[in-house]
Structure formats: C-alpha cells, structure tokens
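Notes follow once the structure below has been shown.
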There are 2 protein chains.
Amino acid sequence: MEHQSTSMQIPEAEKSVILDSITIDCVIFGFKNEELEVLLVKHKEGISKDKWGLPGGWIYENEGIDDAANRLLLELTGIKDVYLEQLRAFGAPDRFPLSRVITVGYYALIKEEDYDLKAGYTAAEVAWFKVSEVKDLIYDHQQILEIGQKRLRRRIKQEPIGFNLLPEKFTLLQLMHLYEQILGYEMDKPNFRRKILKMDLLTPLAEKQKDVSHRAAKLYRFNPETYKKLLEKGFNFEF
Amino acid sequence: MEHQSTSMQIPEAEKSVILDSITIDCVIFGFKNEELEVLLVKHKEGISKDKWGLPGGWIYENEGIDDAANRLLLELTGIKDVYLEQLRAFGAPDRFPLSRVITVGYYALIKEEDYDLKAGYTAAEVAWFKVSEVKDLIYDHQQILEIGQKRLRRRIKQEPIGFNLLPEKFTLLQLMHLYEQILGYEMDKPNFRRKILKMDLLTPLAEKQKDVSHRAAKLYRFNPETYKKLLEKGFNFEF
DNA sequence: TACTCTTATAGTATATTTGACTACAAGTAT
DNA sequence: ATACTTGTAGTCAAATATACTATAAGAGTA
C-alpha cells in the first residue's frame, strides 16, 4: 500500500507521525464454496490506482506493528477483532518503485460470513478472490500471498486452524475438503474421519445437515478445550 | 544495535544512505560441550556501551534485508557465508529507547569451530554464551533470542538442521544429545538410532571415535542428497 | 590376565497407527 | 420400489512407535 506516499491521502498534520520506510500488508484468507479465497483491495489513488493488492499501509510512530496491522485492516476493509499473525518482513531493495520501503506481512483466517466488507480510507473496493485465480497484484504482493499460503499449509498440519475458516457448525466432509483444498491432495474419507474423531477435538451436535439431496451428515463443532490440551503436548495433523 | 544512531560510528557521508527506523539483529546458534550457545557482541559505544546484545545494525538504502543481515554479521563478528533465515519483525513502539525503530530478526546455525571470531565495527567484543545462562540483553534482544529458540525447536522436528551445529563427523550419541538439548527431553538410545538410520540420512564412515575411555562409537557424516529427497516428500523428525 | 566399568549396538515383543479397502446405512430423486 | 448419492462402520495387513533386554567392544585397574 505504499502508493499512499504519493497519494494526497494523508493529511499534512499526520505525516510527521508516520514511519516512512515501513509498511504493513495483510493476507486474509477465507473459505467459500470449497475454495480458498483471499481478501484484496483496489487502490483509489497513487501510482497503483485501480490495481488490486493486499490491504495494508503505513505505521504510526507510536503504534506497535501488530496494532498497526489491525488498524489498517479495519480502516480498509471494515474487519476487526481478528487474530493476525505475522509472516515476516519483505525487504528487497526494489520491491516498491518510488522509494525504499520494507513491508511486514501478516496473515489471518476468517469466516467470511461473519464480516461485512466496507471499503474505506484509500481503498476504492474490497472483495474476495479465489486464491487460485489471483494474479498481477501490485509490487511484491503476489510473493507475500504465496508466503502466506505456504505458512497456512505448514500450520494446518500442526494446528487445527482450519476451524477458523469454517462456519460454527460443519460436517466432517466439509472439514476434509478444506484440508484437501489447502494441502492440495485427496484424502480417504473413512480414514480422515477416524483420525480426527479420535483426537476428540470435535463435539458432535444433535443436529444434522439440511437441504441436501442425499443422506444428511452429522454436524460438529470445534472443541477449544481439547485443542488447548493438544497444543501443549504437541500433535500432528497430517493426513 | 540501534545505539549506532547516537554513537559516532557512522561517517556523515554514509548516514544519508541508511534507513533510520529499521535494523537487523541476528541470533547465531552454536553447539559446544553438549550445550546450545548463542553469539553475542559487546557494544563499544552509544547508550548500550559495555552491554551485550545480538549482533545487528542498520540497513543501507540500496541493500536487501537478507544482504544487510549477512553484511552486519560479517562486520561485527567476522562470520560469513552462513545461511541466515528470517525470524520476523519486532516492532513494539517502545522497544528502543531513543527513537522508533523496528528490527528484523534473523537466525542461523553454525559449527563453532569453523569460524574465527573477530570483533569489528561497533563491537568491542564477540563471544559465545550458553543460551541457558544468557540474561539482561539490551532492548528486546532477550525476546528475539527466545523466538529464535522457539523456531529452532520447531524446525528441528521437521528438518535435519541439527547437522549444521555439529562437526563434519559425529557419533549417533552426539546427535541424540543435540536433539535432547534443543527439545528439552530425554530419548531412548536404541530407538533413536534405529529411526535415524532407517532414514538413510547418515553416511557411516570407516572411522571411529578416538581418545575415549570406553568402546569407541562409529562416526557418521550427514548425507545431503537424501536430505534433499526427504525435504521434497516431507518427513517428521520427532523422537 | 581377568575382572569391572562404560558406552555402543543388536534384538525382541507389544501396542498403536497407517493406508487401502469393503460393506452397509440413510436419505433423495425417479 | 429402485437407483443413486453420500455418510458411517468395520476389516486387515503393513508399518511404526515404545519400552525394554541382551550382548559387544573397548579402556582401566587389580
């Protein structure tokens, strides 16, 4: 989002309190129609006007970088109260064309239906895109997205973070499809089911799936207590 | 190493080409006498004169951050040609007392005996310290070190990076002790041996240990080819 | 030389976990 | 009633993990 340095967006009074060679960019993942999606914003002004990129921007001088990430995400997209985890800093000398700017990438997983998108600040539009179809992002945002995906793949094998992408209630097959989608290979239904149920991480609900034209599957909910226990002693989610 | 902003170390001519709110700090791990060690430097000047901290410093405007990390490590400690991996950015607003500075942490594993330490630049001294005994580092360096350790523990369960800490030739027991040291729990000798040998990652040498007052153990060498193959298909180093 | 001590290395026996399947159950649609 | 689709249960052999026991190969010492 470094284009703001040349857009007239930042009032003169504020400019002095903004760090001028560091920015933040956020990779926000969602999951819809069995596909992994990412949240992008279209720039309103500056050198990348009308181009899509990750939501991000400048850091205030008296603000921690994690706070800056949360603030920027809210300002640009209307999303708040999300657990943003840092990816890393991206600092190739030529990553931003106008000046030397290093950016710190963040990523988060959210349930799309929980949030109303509202383009704000320097964003003309906000929208979800299928990760598989995203291309031509500004600057090095394509690379940041890739690193985000890599992190996601790694993490999902060690922590049940997939639950953050699914609705409260879900079926085992939905969960399995999410794993398949993220990891990129197919799995065996009975085996997946057995393994994940044995972990005691899912609370079965009395409810069943509705409006499906076949036998309805049982709905489950994620059990945060077992999760905490499992995290302590370490575990493996590979399938 | 942010103290350089107030030390007189940087010639006026160079100051203009240095980014003023970002630094680099490196966590360099070594392994000696069955203990995990970390490389620290003692500052020669500035507000942290005579205090110990991680080797690090400022980034030139036309230099990538990875390159900066390598350069700084060389300048301060004499170490070069090391694979430095980025940890993440540290950006609490008050982490550096004199001004707002965000730092990017890096870490690396090296064989201590391969390098001659040479304090240079703004470092008065360079030395190895047992990680377990390190305390009172400057700024937030203690936290960066901790994150480095966490990363190391995580990584060593998925990649055989331990070999970077050991000499060329080593015994199975040395390798096991390294794992125990880093992961913090004891292992079973026969089982460790069986598992690691089956991976075909070690090349047995004709040589044996010398100067030990008991049965000499066979020496092994790390096999980088199998390593590459294993990395591709993914594997698990947990014991 | 014989005995002891220490560490190296081999082997064993059981429980647990995978991975590839088959079979059947429970619904919808025709 | 029958076909079709997806959910769920179960089987079985192979591979792995775990907790051991046993023996080998030295060096050091009496």
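Throughout, a chain's letter reflects where its sequence line sits, starting with A, and its residues are numbered from 1.
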Qualifying residues under ring-ring contact (aromatic ring centres under 6.0 Å, His included), relative to A/Phe129, sequence neighbours excluded
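For A/Phe129, the residues satisfying ring-ring contact (aromatic ring centres under 6.0 Å, His included) (neighbours in sequence not counted) are A/Trp52.
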Minimum-distance pair of heavy atoms, taken over all atoms of B/Ile138 and B/Ser48
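Heavy atoms only, the tightest pair is CG2-CB, 3.7 Å.
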Hey, does A/Leu173 reach any base, or is it just sugar-phosphate, or nothing, if we go heavy atoms under 4.0 Å?
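A/Leu173: backbone/sugar contact only, no base atoms under 4.0 Å.
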Identify the 5'-most and 3'-most nucleotides of DNA chain C with at least one atom closer than 4.0 Å to a non-hydrogen atom of chain A.
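With heavy atoms of chain A under 4.0 Å away, the range is C/dT17 to C/dA29.
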With sequence neighbours left out, write down each residue that passes side chain to side chain contact (heavy atoms under 4.5 Å, CB included) with A/Phe163, or none if nothing qualifies.
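For A/Phe163, the residues satisfying side chain to side chain contact (heavy atoms under 4.5 Å, CB included) (neighbours in sequence not counted) are A/Pro160, A/Phe170, A/Leu175, A/Leu201, A/Leu202, A/Phe222.
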Test side chain to side chain contact (heavy atoms under 4.5 Å, CB included) applied to A/Lys218 - qualifying residues, sequence neighbours left out
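Residues passing side chain to side chain contact (heavy atoms under 4.5 Å, CB included) with A/Lys218: A/Pro204, A/Tyr220.
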Let me check something: any side-chain donor-acceptor pairs from residues 208-217 of chain A under 3.5 Å, sequence neighbours excluded? List them with distances.
{"residue": "A/Gln209", "atom": "OE1", "partner": "A/Ala217", "partner atom": "N", "Å": "2.9"}

Can you check nucleotides 16-20 of chain D for protein contacts, nitrogen or oxygen pairs under 3.5 Å, and list what you find?
{"residue": "D/dT16", "atom": "OP2", "partner": "B/Lys198", "partner atom": "NZ", "Å": "3.1"}
{"residue": "D/dA17", "atom": "OP1", "partner": "B/Lys195", "partner atom": "NZ", "Å": "3.3"}
{"residue": "D/dT18", "atom": "O4", "partner": "B/Arg194", "partner atom": "NH1", "Å": "3.4"}
{"residue": "D/dT18", "atom": "O4", "partner": "B/Arg194", "partner atom": "NH2", "Å": "3.2"}
{"residue": "D/dA19", "atom": "N7", "partner": "B/Asn191", "partner atom": "ND2", "Å": "2.9"}
{"residue": "D/dA19", "atom": "N6", "partner": "B/Asn191", "partner atom": "OD1", "Å": "3.4"}
{"residue": "D/dA19", "atom": "N6", "partner": "B/Arg194", "partner atom": "NH2", "Å": "3.4"}

Identify, with sequence neighbours excluded, every residue that meets salt bridge (Lys or Arg N to Asp or Glu O under 4.0 Å) alongside [X].
X	result
A/Lys32	none
B/Glu125	B/Lys42
B/Glu75	B/Arg71

Ignoring backbone atoms, establish whether A/Arg193 has a side-chain N or O less than 4.0 Å from OP1 or OP2 of D/dG7.
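Checking A/Arg193 against D/dG7: no side-chain N or O falls below 4.0 Å of OP1 or OP2.
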Mind checking what makes side-chain hydrogen bond (donor to acceptor under 3.5 Å, both in side chains) contact with A/Lys157, not counting sequence neighbours?
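If we apply the side-chain hydrogen bond (donor to acceptor under 3.5 Å, both in side chains) test to A/Lys157, skipping adjacent residues, the hits are A/Glu238.
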With sequence neighbours left out, what residues match A/Arg151 under side-chain hydrogen bond (donor to acceptor under 3.5 Å, both in side chains)?
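A/Glu85.
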Pull out every residue in residues 204-218 of chain B that has a heavy atom closer than 4.0 Å to any atom of DNA chain D, ordered by number, or say none.
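Within residues 204-218 of chain B, the residues near DNA chain D are B/Lys208, B/Val212, B/Ser213, B/His214, B/Arg215.
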